[in-house]
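Take a look at the structure set out below.
A quick note: this is a predicted structure, and the numbers were derived from the prediction, not measured. Convention: sequence-line order gives letters A, B, ...; per-chain numbering from 1.
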There are 2 protein chains.
Amino acid sequence: MVTQPVTVPNVERIHARYKAMLQALRRANYRITPQRMAVCQFLAETRSHPTPSEIYHAVKEQFPTISRATVYNTVAVLKDLGEIIELPSGGSAGVRYETDITPHVNLTCMRCGRIFDVALEDLDSILHEIDARTQFNVTSFHIEGYGVCPDCQEA
Amino acid sequence: MVTQPVTVPNVERIHARYKAMLQALRRANYRITPQRMAVCQFLAETRSHPTPSEIYHAVKEQFPTISRATVYNTVAVLKDLGEIIELPSGGSAGVRYETDITPHVNLTCMRCGRIFDVALEDLDSILHEIDARTQFNVTSFHIEGYGVCPDCQEA
DNA sequence: GCAAAAAGTTAGAACGAGTATAATTTTAGA
DNA sequence: TCTAAAATTATACTCGTTCTAACTTTTTGC
């Protein structure tokens with residue numbers, strides 16, 4: 001079983017993430033609408049690297065008339081602001097979104113398509129080395145690993 | 001300007017990559033067809049993180065009747081075999097494929113959408129640490145960095 | 001070299017993810 | 001409270017991706 005990081009999703013962390021997203025929107029002069037708040041809340045809560053469709057269906061429970069365009073617009077804005085990251089989905093479901101923008105490792109199982117988060121220490125040294133070698137202004141990074149998860153190894 | 005790695009694409013490297021892809025297909029009991037060879041050749045040669053559409057149009061020069069489904073099937077098989085990696089394309093162009101499966105850094109400019117490859121040393125230590133912390137069988141990994149490229153910083 | 005099974009390709013259709021659009025609604029600031 | 005402009009909506013549209021049935025090709029064994 002993949003070692004889950006010691007940090008457990010809790011109300012504080014979710015709230016901080018939610019607040020950070022809303023602040024990013026405000027700072028960039030985007031309007032704060034109930035729909036955007038709901039999308040941010042869902043994204044702050046989820047651990048599942050959701051597709052746009054999954055986000056849509058989750059938010060639709062609270063806002064039955066929400067339009068898909070609204071969801072797509074909202075995640076696009078959040079992505080532009082660097083609050084979420086777009087991942088290849090590893091299946092036929094289009095893109096997935098990563099809400100943890102701190103440096104970490106995503107391990108994608110090439111069998112079942114699931115994505116596992118792993119926290120590693122000392123990833124900052126990578127950022128230093130990228131800075132030393134390039135003139136690219138890097139604002140976030142993570143590591144994408146591919147292979148077979150423990151469950152699929154047993155099957 | 002992003003520092004390009006000292007390694008320059010040359011005929012030997014391209015040929016080795018091409019051969020590796022064909023061998024992976026053979027080893028997995030896939031048939032070697034002229035269309036698959038052409039896709040592999042193009043992928044071995046390109047440095048451009050091509051979309052499926054770009055692959056299709058490149059191969060269509062040599063095989064004017066090739067079907068899109070054939071291209072999609074071929075890259076899907078190569079992806080399943082771990083010979084190429086799927087990247088988010090950062091635009092509306094669907095996915096892009098990465099043909100360099102050695103550990104390295106992809107820097108994606110969030111303005112223009114271009115993807116820059118950077119080679120770093122000592123990335124193997126990351127693999128060791130993932131192994132130490134998880135039971136995930138990792139076969140390849142790379143680093144995804146996001147930010148603004150030098151060109152877009154000047155504009 | 002031939003035959004056959006099965007994989008692979010093809011052309012075109014289908015699907016659905018993602019985007020566009022015009023009308024309507026809502027937000028935020030004065 | 002009013003208003004300008006942003007945001008949402010329902011629906012249509014685009015296009016990337018996958019499906020399908022017929023046909024072709026590869027590979028293996030004889």
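Residue-level contact check: A:Thr65 touches the backbone only, with heavy atoms under 4.0 Å from sugar-phosphate atoms and none from bases.
Side-chain proximity of A:Thr70 to D:dT8, C:dT10, D:dT17: nearest is D:dT8.
Rounded to 10°, the angle separating the first-five-pair axis and the last-five-pair axis of the helix from C:dG1-D:dC30 to C:dA30-D:dT1 equals 50°.
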Between the protein and nucleotides 28-30 of chain D, list the N/O to N/O atom pairs that are separated by less than 3.5 angstrom.
none

What N/O pairs connect the protein and nucleotides 20-22 of chain C at under 3.5 Å? Give each pair on its own line.
none

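Distance CD1/A:Ile143 to CD1/A:Ile126: 4.0 Å, rounded to 0.5 Å. Distance check: B:Leu22 CG to B:Leu78 CG gives 9.0 Å after rounding to the nearest 0.5 Å.
Taking the six-membered ring wherever Trp is involved, the centroid distance between the rings of B:Phe136 and A:Phe116 falls below 6.0 Å.
Taking 4.5 Å as the limit, every side-chain heavy atom of A:Ile115 sits out of range of all side-chain heavy atoms of A:Leu107.
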Evaluation steps, side chain to side chain contact (heavy atoms under 4.5 Å, CB included), between A:Ile84 and A:Ile101
CA-CA 6 Å; A:Ile84 58 177; A:Ile101 57 177; 5.6 Å; no
In sequence, state the C-alpha distance, the side-chain angles, and the governing distance for B:Thr46 and B:Ser48, and then conclude on side-chain hydrogen bond (donor to acceptor under 3.5 Å, both in side chains).
CA-CA 5 Å; B:Thr46 191; B:Ser48 70; 2.8 Å; yes
Assess whether side chain to side chain contact (heavy atoms under 4.5 Å, CB included) is satisfied between A:Val77 and A:Tyr30, documenting all intermediate values.
CA-CA 9 Å; A:Val77 168; A:Tyr30 285 103; 3.6 Å; yes
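Side-chain contact check for A:Asn106 and A:Glu144: at least one donor-acceptor pair (N or O, by modelled atom type) lies under 3.5 Å. In summary, the side chains of A:Asp100 and A:His142 do not present any donor paired with an acceptor at a separation below 3.5 Å, with no hydrogens or angles considered. For the residue pair A:His104 / A:Glu98, a side-chain donor-acceptor distance below 3.5 Å is found, with atom types taken as modelled.
Rounded to whole Å, the distance from CE on B:Met37 to C1' on C:dG8 is 15 Å. A straight line from CD of A:Glu54 to P of C:dG18 spans 11 Å, rounded to a whole angstrom. If you take CG of B:Leu87 and P of D:dG16, they are 18 Å apart, rounded to a whole angstrom. B:Ile66 places its CD1 atom 11 Å from the C1' atom of C:dG8, with the value rounded to the nearest Å. Going from atom CZ of A:Phe63 over to atom P of D:dA10 covers 13 Å, rounded to whole Å. Remark: C1' of D:dG16 and CD1 of B:Ile55 are 13 Å apart, rounded to the nearest angstrom. Nucleotide C:dG18 holds its C1' atom 16 Å from the CZ atom of A:Arg96, rounded to whole Å. Rounded to whole Å, the distance from NE2 on A:His57 to P on C:dG18 is 13 Å.
Sequence neighbours left out, not one pair with a member in residues 21-41 of chain A passes salt bridge (charged side-chain N to carboxylate O under 4.0 Å, His left out).
Neither OP1 nor OP2 of D:dT18 sits under 4.0 Å from any side-chain N or O of B:Tyr72.
Contacts with DNA chain D (heavy atom under 4.0 Å) in residues 25-36 of chain A: A:Tyr30, A:Arg31, A:Thr33, A:Gln35, A:Arg36, listed by number.
B:Arg68 contributes no side-chain N or O that forms a donor-acceptor pair with the base of D:dG16 under 3.5 Å.
Judged by distance alone, with hydrogens and angles left aside, the side-chain atoms of A:Gln41 form no donor-acceptor pair with the main-chain N or O of A:Val59 at under 3.5 Å.
Under 4.0 Å is where a charged nitrogen must lie from a carboxylate oxygen, and between B:Glu54 and B:Arg96 at least one such pair does.
In this view, B:Ala20 and B:Arg17, B:Glu83 satisfy the side-chain contact (heavy atoms from CB on, under 4.5 Å) rule, not counting sequence neighbours.
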